[in-house]
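Everything below concerns the one structure shown next.
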2 protein chains.
Amino acid sequence: MVYRYGATRTGRDRFRVDSAHRENGTSGASGQETQESARQRIICAAIDLYGEHGFDGVTVKTIAQRAGASAPLVIHHFGSKAGLRTACDRYVAEQFSRVKTESVRRGSMPRNVAHEAVMANRHLVKYLMRAFVAGGPEVDLLFDQLVEDSLVYTAEAEEIGLVYPSRNPRHRAVVLLLQSFGGLVLHRHMERHLGMSLVQEDPDPEGLDAYMATLMELYTRPLFNAEAYSELLGAEQAEQAPESSAL
Amino acid sequence: MVYRYGATRTGRDRFRVDSAHRENGTSGASGQETQESARQRIICAAIDLYGEHGFDGVTVKTIAQRAGASAPLVIHHFGSKAGLRTACDRYVAEQFSRVKTESVRRGSMPRNVAHEAVMANRHLVKYLMRAFVAGGPEVDLLFDQLVEDSLVYTAEAEEIGLVYPSRNPRHRAVVLLLQSFGGLVLHRHMERHLGMSLVQEDPDPEGLDAYMATLMELYTRPLFNAEAYSELLGAEQAEQAPESSAL
DNA sequence: TGAGGTGCTGAATATCCGTTCAGCCCCGAG
DNA sequence: CTCGGGGCTGAACGGATATTCAGCACCTCA
């Protein structure tokens, strides 16, 4: 009963990381990998269940069962439930960095990296969203790295003329990242309203196209009329209202 | 030891709702309100603590202590912890609708409503973000109402010429709402990177201005060069990549 | 063959937490 | 004054859960 991510490898799954790639816990781990090590199975099960039900919605026993192991074994390997949590954080961070390095080695266009990486590793992303709202040292670091990567990619895109420059590229990167993740964290409501979300099992193409079209509209055309806005702002007497219904 | 929201009423607090406004549980509740009822105190304490630590991070006992009551009293009033949760959901939804109706009665510009409402009711917003990611009937309904409201406001803004029309206003409203809430849900990282967040205690003005400037830049000027983008898209052979690093 | 070590488990433990119970205080009605 | 009831509490209960413990199976090396 070995648990395995996903089902079939479609064309879009180029970016999926191999879940069987073992992260060596102790340096001299005597290799015995006729099949996935229990430690690895536990981590994968935990990531899936945590991503689905949140950190507090899953018991150690449930994770162990899903991994085909016993609860004490989980403790044996990770010391405690918190230890498992940080192990998962580390594992996810490592996998994401692997995705990144592999995609640059493959010479992919940077503009595809993030999106395809998300699509191909839903479990990891779902976990990551939970982790981002919960916070934690490992995961904060990962977020920071995403900001840096985003800055690099955006700069490259600027040079091609694909992206317009910003007065404060770093701030723009952070805000864009936060906004993008917002749609993932609240995928529940995205599913309810748009009929799809990026992390659901089988996103139907038309819903995805609708979402992408909306994003493209938002990002290729202005939303506010800047002149009308500042005009209106000047017309109102003392109302200090720097922003609009966009929160 | 009566717990009370906030401290002093500044000019910006026009939109704050009166936390003492009692929601009548049983219809014929014999009124005895020399001070805030315990039921109300418990709800306020729960909203604060839930918003701060999440639904699973707080015990009934903690809530009771904060409200100056005992754990059994919480159960006595709400039946169970889940009952308290739905009572909080209902209360928050009611407060938000109150904010809305009061602001329209006051004749405020709709474009200010959302932003100022957020600023003035941080506890409610913090709770709401937790509730949005957790989901639930009451809270889903509230989200849907926010979408509808946003549609109305945006339509009005369109007529003034403040906002440009969209091919699919509803989709745009949903995506904008999700993106905006993303920044609130992940306020942790917004604080770490921008030095402020909309739900923190005392947002320093310069950080807020920086954030607003970033938002305005994003919403008044295009981010992508549409021509360059579609050109690039046509140039690439079979790469089906509908979107970019914006996730 | 035996010793030791590793991976793993079932049962037991300790703790926490939501909930129940029996009863107190206080106030208003008869 | 007495009765009754509502608001409220301390103590106890029961279930769930992370963690510990003692030991089993198996494998390796002497």
Side-chain angles (χ1 to χ4, degrees), chain A residues 1-3 22-46 49-50 52-89 134, chain B residues 1-3 20 22-46 49-50 52-89 134 136:
Chain A
M1 192 186 119
V2 175
Y3 181 74
R22 176 193 78 233
E23 38 97 64
N24 39 10
T26 62
S27 60
S30 61
Q32 161 184 356
E33 39 185 335
T34 59
Q35 62 183 23
E36 234 175 359
S37 76
R39 184 187 166 88
Q40 188 53 44
R41 271 180 295 140
I42 291 170
I43 287 190
C44 288
L49 289 170
Y50 281 157
E52 199 63 40
H53 303 103
F55 292 115
D56 299 312
V58 183
T59 71
V60 176
K61 194 175 178 182
T62 310
I63 295 171
Q65 280 177 343
R66 175 104 159 216
S70 67
L73 186 62
V74 176
I75 304 300
H76 171 69
H77 276 302
F78 303 98
S80 68
K81 197 183 182 183
L84 172 61
R85 163 75 202 282
T86 74
C88 288
D89 282 357
Chain B
M1 191 184 117
V2 174
Y3 181 73
R22 176 193 80 232
E23 35 98 67
N24 39 10
T26 61
S27 60
S30 61
Q32 161 184 355
E33 39 187 333
T34 58
Q35 62 182 21
E36 232 174 1
S37 75
R39 185 187 165 89
Q40 188 53 44
R41 271 179 296 140
I42 290 170
I43 287 191
C44 289
L49 289 170
Y50 281 157
E52 200 63 40
H53 303 103
F55 293 114
D56 299 312
V58 183
T59 73
V60 176
K61 193 176 178 181
T62 311
I63 295 171
Q65 280 177 344
R66 174 101 161 220
S70 67
L73 187 61
V74 176
I75 304 300
H76 172 72
H77 276 303
F78 304 98
S80 68
K81 197 184 184 183
L84 173 61
R85 162 76 202 282
T86 74
C88 288
D89 282 356

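Since this is a predicted model, take the numbers as computed values, not measurements. FYI, side chains are in, hydrogens and waters are out, and symmetry mates aren't considered; it's all heavy atoms of this structure.
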Taking every non-hydrogen atom, the tightest pair across A:R39 and A:H77 = NH1-O, 3.5 Å
Value in whole Å for how far the P atom of D:dA16 lies from CD of A:Q65 | 14 Å
Counting side-chain heavy atoms from C-beta on, which of D:dT9, C:dT9, D:dT19 comes nearest to A:A69?
-> C:dT9
With the side chain of A:T59 defined as its heavy atoms from C-beta on, choose the nearest nucleotide among C:dT9, D:dT17, C:dG18.
-> D:dT17
Please give, in whole Å, the distance from D:dT9 P to B:I75 CD1?
-> 13 Å
Please give, in whole Å, the distance from D:dG7 P to B:F78 CZ?
-> 13 Å
Closest heavy-atom contact between B:I42 and B:I63?
-> O-CG2, 3.9 Å
Quick one: does A:C88's side chain get under 4.5 Å of A:L84's, heavy atoms only?
-> yes
Using a 4.0 Å heavy-atom cut-off across all strands, classify A:H76 as base, sugar-phosphate, or nothing.
-> nothing
Out of D:dT9, D:dC8, C:dG10, minimum distance to the side chain of A:P72 belongs to C:dG10
Within this structure, what is the CG-to-P distance between B:L84 and C:dC17, rounded to whole angstrom?
-> 16 Å
How long is the line joining CZ of A:R41 and C1' of C:dG7, in whole Å?
-> 11 Å
To the nearest Å, how far apart are B:I42 CD1 and D:dT9 P?
-> 8 Å
Measure across A:V60 and A:A71 and return the closest heavy-atom pair with its distance rounded to 0.1 Å.
-> CG1-O, 4.0 Å
DNA chain D: 5'-proximal contact among B:S70 and A:K81 (nearest heavy atom) | B:S70
Whole-Å gap separating P (D:dG10) and CG (B:L73) | 11 Å
A:H77 atom NE2 is separated from D:dT19 atom P, nearest whole Å, by 15 Å
